[in-house]
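Some notes on the structure that comes next.
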Amino acid sequence: QVQLVESGGGLVQAGGSLRLSCAASGRTFRSYTMGWFRQAPDKERECVAYIAWSGGSIYYADSVKGRFTISRENAKNTVYLQMDSLKPEDTAVYYCAASPTDADRVVGRRFLRSMDAYDYWGQGTQVTVSS
């Protein structure tokens with residue numbers, strides 16, 4: 001139903017910036033919450049950020065708050081993750097994902113930090129931060 005394709009990953013030095021993009025195709029009329037997850041080698045996949053369809057509710061993991069910015073352009077079916085002040089510990093495969101749970105509803109916000117909330121996933125894009 002929905003296909004997600006990430007782009008923008010690469011190699012960057014510590015302190016640098018990258019912007020990841022996630023383009024959605026298929027039946028995207030539904031008002032999905034969009035999230036970004038990352039998975040480092042031998043680590044659990046963790047939620048980095050999510051944003052409601054309206055843009056009114058946004059979440060950031062403590063590890064990235066103040067450095068990363070999530071945004072979306074619904075008319076283009078695209079979500080972005082602007083990553084600034086990158087650190088070596090940010091090195092991971094980054095995945096975008098779509099969830100039918102509305103982040104504007106407070107009861108769903110805790111659930112949206114879990115992979116189980118998301119029905120569609122991209123293939124991932126590698127981000128490597130060198131020291």
What is the minimum heavy-atom distance between V2 and Y120, and which atoms define it? O-CD2, 3.5 Å

Check: A117 main-chain N/O paired with S99 side-chain donor or acceptor under 3.5 Å: yes

Single-linkage hydrophobic cluster Y60~M83, side-chain heavy atoms < 4.5 angstrom: yes

Flag the pair L20 / Y95 as yes when at least one side-chain heavy-atom distance between them is below 4.5 Å, and no otherwise. no

Does V64 share a hydrophobic cluster with L86, counting links as ILVMFWY side-chain heavy atoms below 4.5 Å and allowing steps through other members? yes

Determine yes or no for a side-chain-to-main-chain donor-acceptor pair under 3.5 angstrom, with R45 supplying the side chain and M115 the backbone. no

Hey, are the side chains of I70 and I58 touching, using non-hydrogen atoms and a 4.5 Å cut-off? yes

Same hydrophobic cluster for Y80 and L4, using side-chain heavy-atom links shorter than 4.5 Å among ILVMFWY? no

Main chain of M34, side chain of Y118: is a donor-acceptor contact present, judged purely on distance under 3.5 Å? no

So, for R67 and S85, which heavy atoms are closest and what is the spacing to 0.1 Å? NH1-O, 3.0 Å

Nearest heavy-atom approach of S71 to I51 is CA-CD1, 3.9 Å

Indicate yes or no for a side-chain donor-acceptor contact from R113 to the backbone of A61 under 3.5 Å, with no hydrogens or angles considered. no

Any idea how Y50 and Y59 line up, ring-wise: parallel (<30°), tilted (30 to 60°), or perpendicular (>60°)? parallel

Between the main-chain N or O of A103 and the side-chain N or O of R109, is there a donor-acceptor pair closer than 3.5 Å? yes

Expected output: side-chain T125 to main-chain E6 donor-acceptor under 3.5 Å: no

N74 (side chain) donor-acceptor with W53 (main chain) under 3.5 angstrom: yes

Locate the shortest heavy-atom distance separating T33 from A52; write the atom from each residue and the value. OG1-CA, 4.1 Å

Is there side-chain contact between L11 and Q126, with heavy atoms separated by less than 4.5 Å? no

